[in-house]
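Report on the structure given below.
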Amino acid sequence: MKLEIFQKIRLKSGKTAHVVEIFNNGEAYLADVNISDGEYATETIYPEDIQSVIIEVDKPFTALA
């Protein structure tokens with residue numbers, strides 16, 4: 001699977017990250033890694049560091065009266 005900019009991923013460490021740059025057609029990625037609530041560290045991530053891609057689902061919202 002080819003990742004895209006701003007895609008959310010889960011690392012094998014259990015942390016989540018957002019891809020911010022792609023190097024050499026996916027040989028490595030620059031990602032903002034969530035290190036704690038609201039704190040991020042920009043790190044170089046390699047394909048072997050990635051556990052999964054997180055897909056978000058947009059569902060309609062209805063307010064209860």
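- Leu11 and Tyr40 are not part of a single hydrophobic cluster, where members link through side-chain heavy atoms under 4.5 Å apart.
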Review item, side-chain donor-acceptor pairs of residues 13-27, under 3.5 Å, at least two apart:
residue	atom	partner	partner atom	Å
Ser13	OG	Lys15	N	3.4
Asn25	OD1	Lys2	NZ	3.0

Using a 3.5 Å cut-off and no angle test, enumerate the donor-acceptor pairs between side-chain atoms of residues 28-35 and protein atoms at least two apart in sequence or in another chain.
residue	atom	partner	partner atom	Å
Asp32	OD1	Thr42	OG1	2.7
Asn34	OD1	Ser36	N	3.3

Just list the side-chain donor-acceptor pairs under 3.5 Å for residues 45-54, sequence neighbours left out, or say none.
residue	atom	partner	partner atom	Å
Asp49	OD2	Tyr46	N	2.9

